[in-house]
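Right, one structure below, let's go through it.
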Amino acid sequence: MNKKRLKIFFGIVLILFVVIFCRLFYIQIIEGGKYSGISDSRRIRTIGIDTLRGTIYDRNGLMLAADKHSFELTVSYKKLHNAYLCFKSNILPKLSKVRNQEITQGLCKECHVDNTLWIGKICKYLEVSYADIFERAAQIVERVEKIKDAVERRNKKKIHIKEETIPYSIATDIPWESVARIETDKSFQPDIRVTTKPVRWYSQGDSAPHIIGYVGKLDEKETDSHNFKKRWFDSLGKDSKFESDYFIYKALLTDTLVGKSGIEEVYNSRLMGIPGERFEEITLDNLVVNKIILEKPPIPGNGIFLTIDSRIQRIAEKALDGKNGSVVLMDPWNGEIIAMATSPRYNINTLSKDFETHIKNPDKPFLHRPIQSTLPPGSTFKVVTALAALQENKINERTHFTCYGSIRLGTGIFRCHSKHGHGLMNVEEGIQYSCNVFFFETAKRLGGPLLKEWARKFGLGSVTGIELPYEKKGNIPKSRAMYETLNLSIGQGALLVTPIQFARIMAIIANGGWYIKPHILQKITDYKGNVLLNNNLKPTERIGISAKNLDIVRRSLRKVVEAGTGRRIGLKKFRVAGKTGTAQTVHEDKNHAWFSGYVPFENPKYCFAAVIEYTEGHGASEAGPVILKLLSELEI
Amino acid sequence: MPRSVDLKKFDWALLLIVCLFSTLSFFFVWSASSEQFAYKQIIWIGIGMGACFIFLIFDYYLIARFSYIIYSIMIIGLLLVLLFGKTVYGAQRWLILGPLTIQPSEFMKIALILALSRYFMYKDNVSKISNIIIPLFLTIIPMVLIIKQPDLGTSLTLLPILFTIIYIAGARLKYIFSIITIGIASMPLFWFFVLKSYQKARIIGLFWPEKLSELGAGYHKIQSLIAIGSGGVYGSGWGTGVQSQLHFLPQGHTDFIFSVIAEEWGFLRSCAILCLYVLFLACSIGIALKTREAYGRLIVTGFTAMFATQIFINVAMTIGLAPITGLTLPFISYGGSSLLSSFIALSFILNVRLRTREVWSKQAFHE
């Protein structure tokens, strides 16, 4: 029908293709050099723009970790290259002849007058030695020359590469005065410049260092293990964030800092932000920017708000008084960690300097004790034994056992800490005076498997899932032997718990049996302050213990402080309920002193667990005072 | 009534060209992403070829009877996408059917071509304005549904298909021009009510890239231009393109595969590939010219228009002549749905060539 029209149609298609051919010819042949760097006059360069790492705040909005601007000195590649040539051709031969000859100003005068000028000035301003700058220049130039060599060999001709066009940093963290002196010196422009570079700064450097964590550069091994190419493609088709993934990938290829521990590590991807990029057209001769073609602005990282209260955290750290141990203070109703102190600590701001001494310290300052120190809980575990037996109806509040100071099992003798025995005891008194024999008898009735099951129900033997790396899960003994069960009933033997696990047990008792998840993240905001994620965890599940049985244990915990093992601590006026514990260790007369509980008794506001490791004292004399100091400064 | 299949008329040239494209596709998907993706692509090409031969068994006239039904099914598919679709890159384009994720908008193009051709097949002279209005609606309904996803690129490819089929069907030129005039007049409405901000940014980025410093939308374009520009005459060689290997070029294996080809193979060879595409289009126009009966001719020109639009927009986008849209390069870009729809389209073109027939009357068709 319309053969003519078909031909016209094909004609239009042909014209469109001719347009494409012309454009392709223009980009690849005529302007080609501009893009690839083969061109002699102009080319496009891309410059990465650093972004700011997100800020970490405490629950009241106090800044804990933030990026602070610092100054660095950048020098154009051309100048560095000249310095390098000087270093190579003039100094090295002489060095071989005269070993002791120093790299000084005089050496340079012979060949490159320019070098003596700028390097001399910088040395004066920054108070560094000549040799330092030469070495740095040599480092940079050798790296670039290697790349250039490889590229030229592939293309079989002399070309300018991208790395030759960008300035390099030769000194970082320059103090204000030097910046002012360099900036006012007009002879430096435009090759030598001071630019700003963000560095990580911790306002509360020595407080909660394990929680906040620190940042560092990715080492090569880690870069490989990230396997970005694969990860990037895996994420394709899954979410729309592919572009930010791509930028993060690029950022990691350069020297971006990443979180190495604590919150900095766990929320690294949130904190990192997305670096920007700028495309500039430059003239190659003088490296002047003709025009900025495109700029993709950087997006700063998210803000992380912690549940930690900085003030209380400091009080808790002071309360530990330098002894090896830890304190956890938690909201029993929702699991927010208010303070989590560990001792000894390190200062994050000076960590790079002190790293060597800390790593050799036998007290292990890098151990985050509240979540990583697994210890036998001692008598504090008796509350679990009591609740298990009550709930399983093996005992009730009227069940009495008589303590004669010890009981015999087979050939073994299991002793109570009172040599002469406590006499007739019920469960409340058993907890109040921490009578071992009462719990041995209880354990005999209850049996090992049930006791272990209840320990598991209270969250022992598994991590609490707090948002911090390397949490330990502790251990529930597997042995079914009776002597092991008796040991377990008073928290000795192979049972190992972390302080945070025990704070959680106290929370469950204090809040009426609700399972709470200890957490440290309050909310995440973007850099403008809009809330992206609100971490309001409401407990939904309950442990199956009746209110009556919980009341029995709560009453006895109150009695511990009023008239029991904890009466001498002086916590009665703060309306504390708690349980002391002294766990024996393999070392003679070295114990772990525990004290954990909640406050105030009627309407719990905080639950806590304090432990002092390897001490000569016991729970009431060592761990109790820590809580006393904490509460007296808290003013509740 | 079965018709004789004349195997001598099978268009081997067309098949050969597509095989060449498939080979290129394997190697450049490999280069731009990974070996794993390249093998997935081979599997999809296999499935596509299989579908192509299966459709060849049936007479295309048989399919013609179901044109409107196929069209309706695809419209329902698009509605389902809007309701339950899977969201990728902020666009809801995919539908999950068991292990498969399919993109109904790719198949909508085929359904539209079938439906439009079916509409025009017995209209010898398209002189009434009503003969234009109905196809216009047939096109606008899927366009709106696809824009909603939002996928402006695929949606706009339906327009050239419509105009080509109307034109070849013999509509008066004044009708076609009046539609175009109305379309241009309604552009401001489009700008303010339909386009999303990122789409606007891309269109601005086409004309004034430097204005976009804050929006950051010219990013793909610059990266693509740098990739193509650094290719030069001979290119850097397969698997050695800096832009694509270091992932400076996002989506190098799908939408921007032409940039990878141009960077690694250079001007001469990428031109050769474009020439192959021209040859491909010429072959299918040739089939349309040899076909005597209206339906076959219309679907072949429809598919030719579809391929031409897709190739042109995709390549134009990589060289900065068109805004960035999510259109793929037929037979080369990675992606199951687009490959499958391309192969089905190819199958129709081959089918028309394979079965020459007498011109039938309307009554005989409905028998």
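Per chain, numbering begins at 1; letters A, B, ... match sequence-line order. Only heavy atoms go into these numbers, but all of them, side chains included; no hydrogens, no water, no symmetry mates.
- Summarising the geometry, atom OG belonging to B/Ser270 is positioned 11.0 Å from atom CD1 belonging to A/Ile20; distances are rounded to the nearest 0.5 Å.
- By the 4.5 Å heavy-atom criterion applied to side chains, B/Tyr167 and A/Ile8 are counted as neighbours.
- A distance of 6.0 Å separates CZ of B/Arg297 from NZ of A/Lys3, quoted to the nearest 0.5 Å.
- Of all heavy-atom pairs spanning B/Ile319 and A/Arg23, the tightest one is O-NE, 2.7 Å.
- The closest side-chain heavy-atom distance from B/Glu263 to A/Gln28 is not below 4.5 Å.
- Heavy-atom pairs under 4.5 Å with chain A were tallied for B/Ala282, B/Ala308, B/Ala316; the largest tally goes to B/Ala282.
- Heavy atoms closer than 4.5 Å to chain B are found nowhere in A/Ile12, neither backbone nor side chain.
- Between A/Phe9 and B/Thr304, the closest side-chain pair of non-hydrogen atoms falls below 4.5 Å.
- Looking at A/Phe17 and B/Val315, their side chains never come closer than 4.5 Å, going by heavy atoms from C-beta outward.
- Remark: A/Arg5 CZ to B/Ile166 CD1 distance equals 10.5 Å, nearest 0.5 Å.
- In this structure, CZ on B/Phe312 lies 4.5 Å from CG on A/Leu16, to the nearest 0.5 angstrom.
- Taken to the nearest 0.5 Å, the CD1 atom of B/Ile226 stands 11.5 Å off from the CD1 atom of A/Ile27.
- For A/Phe25, the parts sitting under 4.5 Å from any heavy atom of chain B are the backbone and the side chain alike.
- Using a 4.5 Å cut-off between heavy atoms, B/Phe307 does not touch chain A at all.
- Side-chain contact check for A/Leu24 versus B/Phe258: some heavy-atom pair is nearer than 4.5 Å.
- B/Ile285 places none of its side-chain heavy atoms less than 4.5 Å from the side chain of A/Lys7.
- Residues satisfying the side chain to side chain contact (heavy atoms under 4.5 Å, CB included) criterion with A/Thr74, sequence neighbours excluded, are A/Glu72, A/Pro167, A/Ser169, A/Arg193, A/Thr195.
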